[in-house]
Amino acid sequence: MKEIGVGLLGLGNVGAGVIKVLADNAAAIEARLGTQVRVRAIAVRSLDKDRLVDVDPALLTTDVDSVIDRDDIDIVCELIGGIDRAKAAVLRAIERRKHVVTANKALLAEHGEELFPAAESGGVDIYYEAAVCGGVPVIRTLREGLASDRIDDFYGIVNGTSNFVLSTMAKTGLDFDEVLADAQARGYAEADPALDVSGKDAAHKLAILIMLCFGTGVDVDEIYVEGIDRLAPADFRFAERIGSVIKPLVIARNTPDGIEARVHPTMIPANWMLADVPGAKNALYVHSYALGASMYYGAGAGMMPTAMAVVSDLIEVARNVRAGVAGSLPLRSYRALVHRPVLDIAGLRSRYYLRFSVPDRPGVLGRLTTILGKHGISIAQVVQDMPEKDGRPVVVVVVTHEAVEGDLREALADIGASAGLGEPVQVIRIMPSAAHA
Ligand code: HSE
């Protein structure tokens with residue numbers, strides 16, 4: 001039986017993992033596929049670099065196009081990352097009638113609108129299981145397992161680096177910077193860790209999930225995004241006090257008025273399943289009409305889990321090649337996407353955790369709560385800790401009842417402008433307990 005030829009673009013962490021999974025699991029793969037998946041050429045930036053795996057040097061080239069153009073290649077596996085070079089490579093592959101497997105969430109979130117239709121009209125597949133939640137097969141689940149259901153909303157931990165940082169800060173009481181350095185050393189972080197900690201990587205993944213779950217195209221720039229870099233040990237201590245855990249969530253709801261789409265650290269009840277997603281693990285919690293709540297969990301980053309997802313895509317596309325079909329599964333889960341507005345965060349109704357650093361003087365707490373009250377923000381709990389020393393500011397934490405975010409922002413602006421009250425130093429949304437019922 002004809003072997004399936006693959007051209008690999010990129011031999012970094014994930015590319016090396018792909019070589020390793022293909023070699024280590026060769027017997028199982030052949031038993032499932034009936035033939036072998038053979039990497040016939042690999043495009044790399046430099047021929048001289050040390051590699052994480054041994055490969056035949058004759059496979060290596062710095063010429064990406066020469067790999068894509070080879071006649072003995074059925075599938076181009078794009079693991080270059082970034083946008084411009086990766087996009088050019090994918091478009092060239094489609095033009096040359098090669099199927100594409102990629103792990104590039106930024107590329108698909110920002111240019112999917114061009115790439116998916118190009119692949120569909122070119123009669124080739126684009127598979128991208130590793131683009132969201134690494135090794136956890138959420139894309140296959142959403143496209144196939146839940147194809148008969150209607151998804152109302154979902155909540156996810158889709159950035160392993162952020163989850164590792166927040167889980168470790170909660171466990172150790174250490175500062176953000178110390179913990180991020182550890183995440184980088186463990187190989188979870190993107191080449192540019194700003195993508196992870198700013199929430200941008202999660203926003204790319206959220207845009208892809210919204211497309212798959214709701215059949216809706218959203219512009220990544222319309223998604224409300226907050227990073228995790230402003231969290232402090234004090235926030236974790238307080239979260240624990242109110243029975244919560246701080247997690248880096250993506251949240252999406254399909255509402256009659258539009259799509260709610262947001263990425264931000266969130267205080268969630270400690271007894272919700274997402275609170276138990278430790279370290280760099282990822283999870284997606286989905287509410288759908290017929291199934292109800294379901295959750296998908298596992299390793300969302302790292303060489304071998306991500307490579308496993310890429311190789312599973314190679315196998316799936318290889319099956320399509322052998323069957324002489326493409327596009328039997330709509331690439332975006334829906335045959336056509338509907339464009340719907342993303343709701344403005346100012347209209348969000350949520351509970352809030354507010355941490356202030358204020359002077360320890362009579363009347364300060366009263367003025368703070370009066371301003372909140374004037375804007376219709378109802379207070380559920382106030383905690384003030386003793387100042388470390390006389391004359392030092394005190395930490396005041398206010399937990400609100402459900403409030404409208406726009407009203408809260410106006411109240412915080414008024415507090416900021418009021419002499420002697422100091423700035424609100426932290427605002428964290430609190431997930432209502434009803435959301436995980
Ligand atoms: N940097 C990403 C993460 C890797 O931390 O989840 C997978 O996209």
Side-chain angles (χ1 to χ4, degrees), residues 10 12-18 21 52 77-83 86 101-110 112 127-140 142 155-169 176-177 179-212 220 223 225-229 231 246-251 263-265 274 277-285 296-313:
N13 204 30
V14 181
V18 166
V21 171
L52 297 166
C77 183
E78 183 279 306
L79 300 173
I80 301 172
I83 302 279
V101 169
T102 178
N104 194 330
K105 54 263 165 179
L107 178 66
L108 297 179
E110 291 185 15
Y127 272 54
Y128 48 99
E129 184 61 66
V132 181
C133 290
V136 193
V138 293
I139 292 181
R140 202 157 266 116
L142 296 170
Y155 307 82
I157 295 173
V158 300
N159 185 269
T161 304
S162 303
N163 197 31
F164 176 83
V165 170
L166 299 197
S167 306
T168 310
M169 285 178 78
F176 171 81
D177 291 333
V179 181
L180 176 63
D182 189 14
Q184 285 176 283
R186 289 169 191 252
Y188 300 143
E190 297 293 313
D192 174 6
L195 277 174
D196 296 301
V197 299
S198 66
K200 188 78 183 174
D201 174 76
H204 287 140
K205 292 167 178 168
L206 178 58
I208 294 172
L209 290 171
I210 287 173
M211 169 185 91
L212 291 163
V220 183
I223 295 176
V225 181
E226 265 176 32
I228 58 164
D229 47 346
L231 293 170
I246 305 174
K247 285 292 182 190
L249 285 204
V250 300
I251 298 173
V263 177
H264 51 72
L274 280 178
V277 176
K281 292 283 195 290
N282 279 195
L284 184 66
Y285 183 96
Y296 312 92
Y297 166 89
M303 171 175 167
M304 293 302 273
T306 309
M308 184 285 297
V310 171
V311 175
S312 291
D313 275 352

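Every number for a ligand or one of its atoms is a count from 1 in the order of the listing.
Every atom of ligand 1 is numbered from 1 in the order shown, and the set under 4.0 Å from a heavy atom of Asn159 is 2 (C), 3 (C), 5 (O), 6 (O). Per-residue contacts place Lys105 under 4.0 angstrom from the following atoms of ligand 1 (heavy atoms of the residue considered): 7 (C), 8 (O). Of all atoms in ligand 1, numbered sequentially from 1 with element shown, those under 4.0 Å from a heavy atom of Gly300 are 7 (C). The contact set between ligand 1 and Thr161, taken as ligand atoms under 4.0 Å from a residue heavy atom, comprises 1 (N), 3 (C), 5 (O).
A donor-acceptor pair shorter than 3.5 Å can be found between the side chains of Ser167 and Lys247.
Side-chain contact between Lys200 and Val225 is absent, with no heavy atoms from C-beta onward closer than 4.5 Å. Using a 4.5 Å cut-off on side-chain heavy atoms (C-beta onward), Leu284 and Val136 make no contact. Contact annotation: the side chain of Val165 never approaches that of Asp229 to less than 4.5 Å [non-hydrogen atoms, C-beta and beyond].
Considering backbone and side-chain N/O of Ala301, none are found under 3.5 Å from N/O of ligand 1. Between Asn282 and ligand 1, no N or O atom pair is found at a separation short of 3.5 Å.
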Test side-chain contact (heavy atoms from CB on, under 4.5 Å) on Ile251 and His264; report intermediate values, then the result. CA-CA 9 Å; Ile251 298 173; His264 51 72; 4.1 Å; yes

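For atom 7 (C) of ligand 1, the closest non-hydrogen atom of the protein is Lys205 NZ, 3.5 Å. For atom 4 (C) of ligand 1, the closest heavy atom belonging to the protein is Glu190 OE2, 3.3 Å.
Side chain of Asn159 to main chain of Ala202: no donor-acceptor pair is present (N/O by atom type, distance under 3.5 Å, no hydrogens or angles). Side-chain atoms of Asn163 come within 3.5 Å of backbone N or O of Lys281 as a donor-acceptor pair.
At a heavy-atom distance under 4.0 Å, only side-chain atoms of Asp196, from C-beta outward, approach ligand 1.
Heavy-atom proximity to atom 3 (C) of ligand 1, evaluated over Ala280, Gly302, Gly160, Ala106, is greatest for Gly160.
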